[in-house]
**Q** 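Sharing a structure with you now.
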Amino acid sequence: MKRLMKYTSLLFALLAMDTKAQEAQATAGPYGVFIQFEKLLHGPQYVIERLLVGSNVATPDWKPVCTTNKPPQTAADLAARLVILTSKNPLYDIPNDSLTALLFARYRTLSSVDSLGTYAFNPQYLEALGLGYLDTDVQQGKRYDYRIRQLKTTGAAVYHNPATVSVPGSKMATTVQSLSYTSTGTVVKIKYYLKKARPDIAGVRVMRASYGQTAFADCPAEWAFRKGQKDSLFLEISDYNARRKMLYSYVVYLKDFLGNESAPSDTITITNLRPQEEIPTILDIHTKSEENYHAIGISWKLASTRNLRAVEIWRSDHFDSGYQLIGTASASDTIYYDQAVEPVRGYYYQIKLNGVYDRSGESVRIAGMLKASRPALIKPSNLSVTEINDTLYFRWQPADYDTHGYYLYNATNESDSLTQYSEVIPASNAELNYKVALSKLAVGAGYKWAVAAINTSYNMGPMSDPVYSEPRYPDRVATPINPEMLYHEGHALLVWEDMKSIDPYIIAYTVERKTGNEKDFKEVYRQAVDDKSRNGYEDVGVKNGEIYSYRVRAVSINGKTSGYSTEASYFKELPAVLPVRGLNVMATNKGVRIAWDAPLDAPEKIVVYRYTEKTVAAKVIGSVTGKQAEFYDKYATPGIGYYYSLVTVDTDNRESEATDPVGVQWP
């Protein structure tokens, strides 16, 4: 039974140890990741392994981190370990030998780390006691998993995994609140109250900025925690490096043992002065343009005027250097007018307080400027514009001596308001000219131009008399396309695509023609601007039987012409010359009479042919006008077999087919 009870007790102890080991946790910070894997003192050794989360490998690549040491056996061993660990973390301290001996004596009689008080939250002591490990071999911005097992176990290894950690850690959930401060001229002391005291607070970071600076910097101030009543905790800051008569701003951050910081404290501003020599604080300083006085007004606001003799005003043309004293105001004054200034020119000011016991340092620097105050009344004269090589050249005469520069204005319509076209044209340009490339102007638009002067007060004067520039049109004109010939009775109608929908600057067309026996085209038609027949030409001078070729060109508003269109042809055959009808041949006492029906359209003439059976080719025996309808062959020999046929000849000497031959019958 006793043996059973012994094993039962051992089993419960192992279960308890295993339960404690499963409470392992990992905490990250800028100085590394601290893994606490045990709360029981005098425990076994452990092996720690680490895995980089997010690595693209088939199997997890666990890397060994460390194997913990055996628990310390003596106070000297514990002290040595603490000294060695100070190199791992800047927040670790060199141990005190007497305190370490007392801690080790207490450690020997305890079983849980929770009984060690605040040492239970100090990673340096936990690692020295073999209860944790600070892993400094990690990269910022990465995430890690850890697993822990006992060094000597029987059977399969049992791992304990704390939660995944990201490096660095998160901010501390506590901060401080300022309570009071003092300054003696040699040291500045500030007292803070900790809103939520934590045992893992390991340090303080003090940030300081001199008055007028834009950023805080680390301050080598001394700090210490002081315990108050009812478990309250205070932080005291002592800055022995503060210069006398300087104005400083302070911000404090709390840090835990791993370097994680809290949110910043409230900012407090302190003047490091001895009480008897305190000079009033400058609460505010402003500048304002005072056009009525032709001056820049420098105003200020002081915390008080006690022990103040005068206020000095300093000015410079540059922000960083060159400040000179320009005037002094009494202690009761709050504004100073600087009249030795030019309009629209930047100046920089600062003030100094002249006290009974001492003088203050320089105030912050502030810029000031006098607005435009001189009116501009004279306009530029003799503005002219000339176009040369696709560029407009503008010239004018100056306005007056107070001119800073000029602006060129334009508008596309006479009724439109002129708008600024150019940047400022310096008045130092002795020739007072300006050029504008035509390619920068809108196509097809004519412009109205004017020049106005701006004076040294940056007031704009009246505009000059306007000038005008001719519109710019495209260099190329759209070529007419798809010319087509339409046949009409007695004339030719040429049509083509109206190119104005493509090129709105086309105002007319020209048509050229050549006949079949001509070598060159000749212009036969030039369209008027107001011609309603925009894309057609009717040629009434064509003749049948002649071949005509046509081509078209477009004319732009600036007189430029397009290329030639493709050619279109016109040809109409002449009507056939018809032979006469009703040919009749008979013998008379006057000879052989050849008669026929008179044609409706009288031809030029009718030619009479005669031949016999022995004649190879017909012979012309005479002709008559187209209006006649008979012919007498007076030279025919009676009794011979004659045959007659007629050929009609038109006015253009075209001949008809010969009629069928008709023979004569002698009585």
**Q** When you check the side-chain N and O atoms of Lys255 and Tyr31, is any donor under 3.5 Å from an acceptor?
**A** yes
**Q** Using distance only, find each side-chain donor-acceptor pair of residues 219-228 under 3.5 Å and give its atom names and separation, not counting sequence neighbours.
**A**
none

**Q** Could you pull out the closest heavy-atom pair between Ile148 and Ala24, with the gap in Å?
**A** CD1-CB, 3.7 Å
**Q** Below 4.5 Å, heavy atoms only, C-beta onward: do Ile270 and Leu247 meet side chain to side chain?
**A** no
**Q** Does a sphere of radius 6.0 Å around CD in Gln140 hold more than 12 heavy atoms from other residues, nucleotides or ligands, not counting ones at 6.0 Å or beyond?
**A**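 More than 12 within 6.0 Å, yes.
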**Q** Which distance, rounded to the nearest 0.5 Å, do you find between the CD1 of Ile366 and the CZ of Phe319?
**A**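 Going from CD1 on Ile366 over to CZ on Phe319, the span is 10.5 Å.
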**Q** Which pair of non-hydrogen atoms, one from Val311 and one from Ser330, has the smallest distance, and what is that distance?
**A**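 For Val311 and Ser330, the tightest heavy-atom pair comes out as CG2-O, 4.1 Å.
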**Q** Mind listing the closest non-hydrogen atom pair of Ser249 and Thr267 along with its distance?
**A** CB-CG2, 4.0 Å
**Q** Atom NZ of residue position Lys288 - does it have more than 12 heavy atoms of other residues, nucleotides or ligands inside 6.0 Å?
**A**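 Open.
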**Q** So, taking the atom named CG in Leu308 and the one named CG in Leu302, what distance separates them when rounded to the nearest 0.5 Å?
**A** 6.5 Å
**Q** On a heavy-atom basis, which atom in Tyr192 and which in Ile268 lie closest, and how many Å separate them?
**A**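 That would be OH-CD1, 3.9 Å.
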**Q** Which atom pair, heavy atoms only, marks the closest approach of Pro71 to Tyr107?
**A** CB-OH, 3.2 Å
**Q** Taking the side chain as everything from C-beta on, heavy atoms only, tell me whether Arg106 gets closer than 4.5 Å to Tyr119.
**A** no
**Q** Any chance you could measure His294, atom NE2, to Asp338, atom CG, to the nearest 0.5 Å?
**A** 10.0 Å
**Q** To the nearest 0.5 Å, how far apart are CG in Leu82 and OH in Tyr125?
**A**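 Rounded to the nearest 0.5 Å, the CG-OH separation comes to 5.0 Å.
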**Q** Enter the distance from Gln139:CD to Leu52:CG here, rounded to the nearest 0.5 Å.
**A**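 If we round to the nearest 0.5 Å, Gln139:CD and Leu52:CG are 7.5 Å apart.
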**Q** Quick check: closest heavy atoms across Gln73 and Phe104, and the distance to 0.1 Å?
**A**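 Heavy-atom minimum between the residues: O-CZ, 3.1 Å.
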**Q** Would the number of heavy atoms belonging to other residues, nucleotides or ligands and lying under 6.0 Å from CG of Asp137 be above 12?
**A**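 Not buried by this count: 12 neighbours or fewer within 6.0 Å.
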**Q** Is there a side-chain hydrogen bond (donor to acceptor under 3.5 Å, both in side chains) between Tyr144 and Asp135 once you walk through the steps?
**A** CA-CA 11 Å; Tyr144 296 95; Asp135 184 9; over 6 Å; no
**Q** May I ask you to check if Arg205 and Tyr253 form a cation-pi contact, with NZ or CZ under 6.0 angstrom from the six-membered ring centre and within 45° of the axis?
**A** yes
**Q** Do Ser265 and Thr175 have side-chain N/O donor and acceptor atoms under 3.5 Å apart?
**A** no
**Q** Would you say Thr334 and Ser299 make side-chain contact, with heavy atoms under 4.5 Å?
**A**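 Of all side-chain heavy-atom pairs linking Ser299 with Thr334, none is under 4.5 Å.
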**Q** Quick one: CZ on Arg198 to CZ on Phe121, what's the gap to the nearest 0.5 Å?
**A**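 The distance works out to 9.5 Å.
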**Q** Do Tyr46 and Gln150 make a side-chain contact, defined as non-hydrogen atoms from C-beta onward lying under 4.5 Å apart?
**A**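 Counting from C-beta outward, Tyr46 and Gln150 do come under 4.5 Å.
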**Q** Counting heavy atoms not belonging to Phe234, are there more than 12 under 6.0 Å from its CZ?
**A**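 Result for CZ/Phe234: enclosed.
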**Q** Quick one, Leu129 and Pro72 - any side-chain contact, counting heavy atoms below 4.5 Å?
**A**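 Yes - at least one pair of side-chain heavy atoms lies under 4.5 Å apart.
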**Q** Does some side-chain heavy atom of Arg345 sit less than 4.5 Å from a side-chain heavy atom of Asp317?
**A**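 SC-SC contact between Asp317 and Arg345 confirmed.
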**Q** Could you tell me if the side chain of Leu194 sits less than 4.5 Å from the side chain of Leu235, heavy atoms only?
**A** yes
**Q** Report yes if the side chains of Val206 and Tyr250 come closer than 4.5 Å at any heavy-atom pair, otherwise no.
**A** yes
**Q** Working note: Asn459 + Asn455, criterion side-chain hydrogen bond (donor to acceptor under 3.5 Å, both in side chains); need CA distance, chi angles, decisive distance, verdict.
**A** CA-CA 6 Å; Asn459 278 328; Asn455 65 7; 4.7 Å; no
